[in-house]
Amino acid sequence: MTVSTHWLQEKQELRIPGPTPVPPSVLRAMSRPMINHRGPEFKAILARVTERLQRLVGTEQYVAILTGSGTAGMEAACANLVSPGDRVLVLEGGVFGHRWVEIATAFGAQVEVMEYPWHTGVDPQQLGERLRETPGVRAIFTTHNESSTGVLNDLQAIARVRDQVAPDALVVVDSVSGLGGAPLSMDAWGLDAVVSASQKCIMAPPGLAFVALSRRAWQRAETSRASRYYLDLAAHRRMFEKGQTPWTPAVSVVYAVDEALDLMAREAPEERFARHRLMRDMVRAGLEADGWELMVEDRFASPTVTAVRPPAGVDVEAVRRVALQELGVVFSGGQGRLAGQILRVGHMGFATPLDMINAVAAAEMALARTGAPVSAPGKGVAAAQAVWLERQGARP
Ligand SMILES: *Cc1c(COP(=O)(O)O)cnc(C)c1O
């Protein structure tokens, strides 16, 4: 008889690029009683969370906390920075890049799209050429970590090209699945807007979006003519002076983010980034050893999510079904034009290298169950372990 564990909800391994597993103390924080969101307790929490978010984003500027998913943060960036008729350039290399196209179009921008292949990051040289051919670009929209393909973009290189070729263009970044897992230094890198959310590397449940604007982006917001109300960032900033948000926030998720940021502060940023890179390298080595094909070359490989194509003849959706139903491991499939063609493994936030052994083992076992010729059971697991051993260095 087939043994299945999927009913064990609390043992489920969420290996998807968000929402991500939530630590027990963060779950407990969510169960605290409700408070007045215009009272002194909330004021203290809001100040603390905002300050920690500023540090995480690498900015001296205010970071708005919006109630909504990451897309609300993306929409806020457009609603506050783009006027109808503005020429904008979207760098599109996947589903989330395309979301910028859709949002900017909805706000009446004249949208130029620079597509780049789904297995690489933005080519700075190509960006420079495109900006030279396209004068008058008011904003460049890009994706830090493209979760649909597992590509991490070099934001510094993008901002540098902007400085050289189109200095008036704002660089607007979706770092929903990057912030916390990959280095990001908004002010030092010259980024003008950074958007993120609670449910990825920040290891809290979904429900909050974060938006930071540079000084010149705030100036742009003052004169921009797009309609906005709920997502008016100036209203958020005004109310923040009083220790409040303009509308009732998702108080329980703010509790969660407060606790999660406290946990995050116990790991030095460099260690956190190294842990994410280690998990990435273990997953990549493990899956590759089992015959999966890496979608993305090493230099663009995301530290938070990995996408692979299956060995020839393998039905990815069947692998995902077995992993879920028989092993309680949740993998993602492909989105958009990659639907049904790839497997995506999330490795961000509340995750450890040992979790990656589980993930590789689950993918390997599920692959074998679908009848694929796995050359030797444990091969992927051994490869992932080898990466861990090598990275940990010599014996203590
Ligand atoms: C998760 C994610 C988003 C936001 O999606 P929501 O479902 O609105 O939270 C945006 N961009 C990227 C790259 C993401 O991974």
Side-chain angles (χ1 to χ4, degrees), residues 14 17-77 79-80 174-181 184 186 193-213 228-267 269 272 348-350:
L14 260 191
T20 61
V22 176
S25 68
V26 174
L27 291 175
R28 286 197 297 276
M30 298 247 302
S31 68
R32 285 170 45 194
M34 206 33 58
I35 52 174
N36 176 9
H37 66 296
R38 310 222 179 272
E41 302 95 334
F42 188 78
K43 182 175 179 173
I45 297 172
L46 184 65
R48 185 166 63 233
V49 170
T50 305
E51 204 231 297
R52 284 197 166 127
L53 285 172
Q54 286 174 302
R55 228 175 300 151
L56 204 60
V57 173
T59 186
E60 305 262 287
Q61 302 297 319
Y62 162 66
V63 181
I65 298 176
L66 313 174
T67 294
S69 76
T71 306
M74 297 171 74
E75 176 150 343
N80 287 269
D174 164 0
S175 187
V176 175
S177 62
L179 180 69
L184 179 71
M186 176 174 165
V194 170
V195 174
S196 197
S198 51
Q199 80 275 26
K200 308 271 169 111
C201 303
I202 295 176
M203 55 191 192
L208 295 178
F210 314 118
V211 184
L213 298 187
R228 53 194 183 267
Y229 185 77
Y230 188 78
L231 299 175
D232 183 3
L233 295 175
H236 282 76
R237 190 164 68 163
R238 259 194 319 274
M239 288 305 284
F240 179 71
E241 309 295 323
K242 299 185 190 170
Q244 296 176 22
T245 52
W247 338 116
T248 312
V251 174
S252 305
V253 189
V254 178
Y255 290 156
V257 170
D258 186 26
E259 170 63 20
L261 292 173
D262 192 50
L263 289 179
M264 285 176 79
R266 297 180 204 181
E267 187 184 31
R272 175 158 23 87
M348 66 184 104
F350 187 53

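Heads up: numbering here begins at 1 and tracks the sequence.
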For the atom pair [atom1] ([X]) and [atom2] ([Y]), what is the distance rounded to the nearest 0.5 Å?
X	Y	atom1	atom2	answer
Thr50	Ile45	OG1	CD1	11.0 Å
Thr20	Lys200	OG1	NZ	9.0 Å
Ser196	Leu53	OG	CG	8.5 Å
Ile202	Leu263	CD1	CG	12.5 Å
Ile65	Ser198	CD1	OG	10.0 Å
Leu27	Ser252	CG	OG	12.0 Å

Name the atoms and distances for all side-chain donor-acceptor pairs under 3.5 Å in residues 240-248, with sequence neighbours left out.
from: Gln244; atom 1: OE1; to: Arg38; atom 2: NH1; distance (Å): 2.7
from: Thr245; atom 1: OG1; to: Trp247; atom 2: O; distance (Å): 2.8
from: Trp247; atom 1: NE1; to: Tyr230; atom 2: O; distance (Å): 2.8

Item to check | Test side chain to side chain contact (heavy atoms under 4.5 Å, CB included) applied to Leu261 and Met264, step by step | outcome: CA-CA 5 Å; Leu261 292 173; Met264 285 176 79; 4.1 Å; yes
Tell me if a side-chain donor or acceptor on [X] pairs with a main-chain N or O of [Y] at a distance below 3.5 Å.
X	Y	answer
Arg272	Gly180	yes
Ser175	Val194	no
Ser69	Gly207	no

Checklist entry - What residues, two or more places apart in sequence or in another chain, satisfy side-chain contact (heavy atoms from CB on, under 4.5 Å) together with Ala76? => result Leu66, Asn80, Val211, Leu231, Leu233
Checklist entry - Relative to Tyr255, does Arg32 satisfy both conditions: NZ or CZ under 6.0 angstrom from the six-membered ring centre, and within 45 degrees of the ring's axis? => result yes
Item to check | Glu41 CD: over 12 foreign heavy atoms closer than 6.0 Å | outcome: yes
Next on the checklist: Using side chain to side chain contact (heavy atoms under 4.5 Å, CB included), reason through Met34 and Val251 one step at a time and then give a plain yes or no.
Outcome noted: CA-CA 7 Å; Met34 206 33 58; Val251 174; 3.6 Å; yes
Can you see which heavy atom on [X] is nearest to which on [Y], and at what distance?
X	Y	value
Gly70	Ala197	CA-CB, 3.7 Å
Pro21	Pro23	O-CD, 4.0 Å
Ala250	Leu208	CB-CD2, 4.2 Å
His37	Phe42	O-CD2, 3.4 Å
His236	Ala64	CB-CB, 4.3 Å
Ala193	Leu213	CB-CD2, 3.7 Å

Checklist entry - Given Leu56 and Phe210, is the side chain to side chain contact (heavy atoms under 4.5 Å, CB included) satisfied, shown in steps? => result CA-CA 11 Å; Leu56 204 60; Phe210 314 118; over 6 Å; no
Checklist entry - With sequence neighbours left out, which residue pairs that include part of residues 256-267 fulfil the side-chain hydrogen bond (donor to acceptor under 3.5 Å, both in side chains) condition? => result Ser25-Glu259, Arg48-Asp258, Arg52-Asp262, Asp262-Arg266, Glu267-Arg275
Checklist entry - Do Val57 and Leu179 come close enough that some side-chain heavy atom pair is under 4.5 Å? => result yes
Checklist entry - Tell me, do Pro206 and Pro19 make a side-chain contact under 4.5 Å, heavy atoms counted? => result yes
